[in-house]
There are 2 protein chains.
Amino acid sequence: MARTVDPVKHAASRRHIMDSAAVLFAEHGLERTTTAMICEAAGMSPGRLYHYFTGKKSLFIAVLTADRRETGQVLEELRRTEPPLEALLAFVEHLAAPAVAHPLVSQLVLEAMMQAQRDEEVRAILEEVDAEERAGLEELLTRAAEAGEVDAEVEARDGAAWLATLVGAAYLGGLDGGDPSARLAQLRRTVRGYLLLPRV
Amino acid sequence: MARTVDPVKHAASRRHIMDSAAVLFAEHGLERTTTAMICEAAGMSPGRLYHYFTGKKSLFIAVLTADRRETGQVLEELRRTEPPLEALLAFVEHLAAPAVAHPLVSQLVLEAMMQAQRDEEVRAILEEVDAEERAGLEELLTRAAEAGEVDAEVEARDGAAWLATLVGAAYLGGLDGGDPSARLAQLRRTVRGYLLLPRV
DNA sequence: GTCTATACGGAGATAGAC
DNA sequence: GTCTATCTCCGTATAGAC
């Protein structure tokens, strides 16, 4: 029984569409990106696009889940990294890394966050990713705190949530352009300052 | 020559529409808020709405400019506040205050930022406000630095821009709900930590 | 699998009576 | 000034030939 579809080609076609769409979603947002624009960017007809995706929203979600980062592996390694505070900082930088990679990535992530406010399906996906990230932050934060490398005033759960928010700030900063590596340095300094009580 | 329109009533009508629309823009975003939704929320017909605004976008911009904060007055006062570092922190909190006031305010501000990425007119408005805020931050930051209350490593211009980004983080944090006043405390701690070099 | 052509619905905006 | 009714366009998605 010969397969009628080549799964490799099929995946490649999907990927090509997703890559084209991702740029447009980042630049113009979900609603202002028309399927016609996507078709033109991908160099294909609507019929073809809808052969690979059931609709614009499913394409958007496919884009989001494709770029989903695997934090598990990184986390596994950082659990053994010494000192614990450095491991935590490294994790924060890992999470913020996409923001400095390219302005469009920042825009896409922020667009996703906004959509999550308004769409249950998108919200569910991002929630999952966020929970994973926060759990990692909390774990590393707790470890650093136990090692006495973090000020006692910083509570694990709230602190982790706030760190996630600060990572978000790096994405916000990505909108204005400017030097990406400088932004990463600012973030690093900020997180250190937050975790270690500054002398007053 | 009697005026045919009562300017007070006219302004009140505009205001009523803007108030109704602001909530919807915050909740659903610009594109997903239909004029029909606005009409229903405001309890009026499309004809009436278009009597007061030339279009949905002009209404959106009216909402943004109406909620525009007057930083000048606050800044004037903070210039004389001692110590300088406290003045700077107070200014940061002033800028972040709307974010803790109500979740919808956070959403509206973020929506505006996203629209600014895609619309020249919106961008121009926000740019103006942002520039004003950054100028204020830079001024107070410089003053605090000259008083030796801020670590020398923090450069005035970049530092001010980064502080503005951190204020943005407070708005981002507003999306997730949680205790608003706690978020303000986190921000305060973060900014202090950033400005004062923590002992390593 | 891919195209062209088009159906369908909805949203912004207007017309014109009152 | 305000309403009802409606126009027009455009965007999503589909139909059906190749």
Side-chain angles (χ1 to χ4, degrees), chain A residues 1-64 111 115 118-119 121-122, chain B residues 1-64 111 115 118-119 121-122:
Chain A
M1 230 109 81
R3 299 181 70 112
T4 53
V5 294
D6 181 342
V8 176
K9 281 208 160 189
H10 192 265
S13 285
R14 278 180 61 96
R15 187 78 214 180
H16 174 238
I17 297 172
M18 286 157 62
D19 288 344
S20 306
V23 178
L24 295 168
F25 286 146
E27 285 178 348
H28 309 289
L30 176 59
E31 290 89 355
R32 290 162 79 143
T33 300
T34 68
T35 54
M37 287 162 69
I38 299 170
C39 289
E40 191 187 350
M44 64 180 59
S45 64
R48 191 166 161 189
L49 192 156
Y50 278 87
H51 178 72
Y52 289 97
F53 295 94
T54 64
K56 190 170 76 162
K57 187 176 143 189
S58 87
L59 172 54
F60 182 71
I61 288 179
V63 168
L64 295 188
E111 173 67 17
Q115 292 298 333
R118 296 154 194 162
D119 185 297
E121 211 171 338
V122 175
Chain B
M1 232 105 84
R3 298 181 74 111
T4 55
V5 295
D6 180 343
V8 176
K9 281 209 160 189
H10 192 266
S13 284
R14 278 180 62 96
R15 187 79 213 179
H16 174 238
I17 297 171
M18 286 158 63
D19 288 344
S20 305
V23 178
L24 295 168
F25 285 147
E27 283 179 347
H28 309 289
L30 176 59
E31 290 88 357
R32 288 163 80 144
T33 300
T34 68
T35 53
M37 288 161 69
I38 299 170
C39 289
E40 192 188 349
M44 64 180 58
S45 63
R48 191 166 160 190
L49 193 157
Y50 278 87
H51 178 71
Y52 290 96
F53 295 93
T54 64
K56 190 169 77 160
K57 187 176 145 189
S58 86
L59 172 54
F60 182 72
I61 288 179
V63 168
L64 295 189
E111 173 67 17
Q115 292 298 333
R118 295 155 195 161
D119 184 296
E121 210 171 340
V122 175

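By convention in this document, chain letters (A, B, ...) are assigned in the order of the sequence lines, proteins followed by strands, and residues within each chain are numbered from 1.
In this structure, CD of A:Glu40 is placed 13 Å from P of D:dG11, rounded to the nearest angstrom. The distance from atom CZ of A:Arg14 to atom C1' of C:dG1 is 15 Å, rounded to the nearest whole Å. Computed from coordinates, the A:Glu31 CD to D:dC10 C1' distance equals 15 Å when rounded to whole Å. The NE2-C1' distance, from B:His28 to C:dA11, rounds to 15 Å in whole Å. Computed from coordinates, the B:Leu49 CG to D:dT4 P distance equals 14 Å when rounded to whole Å. Nucleotide C:dG10 holds its P atom 15 Å from the CZ atom of B:Arg32, rounded to whole Å. B:Ile38 has its CD1 atom 7 Å from the P atom of C:dG12, to the nearest Å. With rounding to whole Å, A:Leu24 atom CG is found 12 Å from D:dT12 atom P.
Not a single salt bridge (charged side-chain N to carboxylate O under 4.0 Å, His left out) links A:Arg14 to another residue, sequence neighbours left out.
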Could you walk me through whether A:Met37 and A:His28 pass the side chain to side chain contact (heavy atoms under 4.5 Å, CB included) test, one step at a time? CA-CA 10 Å; A:Met37 287 162 69; A:His28 309 289; 3.4 Å; yes

In B/S/- notation (B base, S sugar-phosphate only, - none; protein heavy atoms under 4.0 Å), nucleotides 13-18 of chain C written 5' to 3' is BB----

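In terms of heavy-atom proximity, B:Arg32 sits nearest to A:Glu31 at CD-OE2, 2.6 Å.
Considering only the side chain of A:His51, C:dG1 comes nearest among C:dC3, D:dT2, C:dG1. Ranking D:dC3, C:dG1, D:dT12 by closeness to the A:His10 side chain, first place goes to C:dG1.
Backbone-only contact: B:Thr34 has heavy atoms under 4.0 Å from sugar-phosphate atoms and none from a base. Among the atoms of the strands shown, only primed sugar atoms or phosphate atoms (P, OP1, OP2) are found under 4.0 Å from some heavy atom of B:Tyr52.
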Acceptor/donor pairs from residues 53-62 of chain B side chains to any protein atom, 3.5 angstrom cut, sequence neighbours excluded:
| from | atom 1 | to | atom 2 | distance (Å) |
| --- | --- | --- | --- | --- |
| B:Thr54 | OG1 | B:Ser58 | OG | 3.3 |
| B:Lys56 | NZ | B:Leu30 | O | 3.0 |
| B:Lys56 | NZ | B:Thr33 | O | 2.9 |
| B:Lys57 | NZ | B:Asp119 | OD2 | 3.0 |
| B:Lys57 | NZ | B:Glu121 | OE1 | 3.0 |
| B:Ser58 | OG | B:Thr54 | N | 3.3 |
| B:Ser58 | OG | B:Gly55 | N | 3.4 |
| B:Ser58 | OG | B:Gly55 | O | 3.1 |

For residues 44-51 of chain A, dump all side-chain donor-acceptor pairs below 3.5 Å to protein atoms at least two apart in sequence or in another chain.
| from | atom 1 | to | atom 2 | distance (Å) |
| --- | --- | --- | --- | --- |
| A:Ser45 | OG | A:Arg48 | N | 3.4 |

Hey, can you pull the donor-acceptor pairs under 3.5 Å for the side chains in residues 16-26 of chain A, sequence neighbours left out?
| from | atom 1 | to | atom 2 | distance (Å) |
| --- | --- | --- | --- | --- |
| A:Asp19 | OD1 | A:Arg15 | NE | 3.4 |
| A:Ser20 | OG | A:His16 | O | 3.0 |

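Residue B:Arg48 places at least one side-chain N or O under 4.0 Å from the OP1 or OP2 atom of D:dC3.
Note on the helix from C:dG1-D:dC18 to C:dC18-D:dG1: angle between the axes of the first and last five pairs equals 10°, rounded to 10 degrees.
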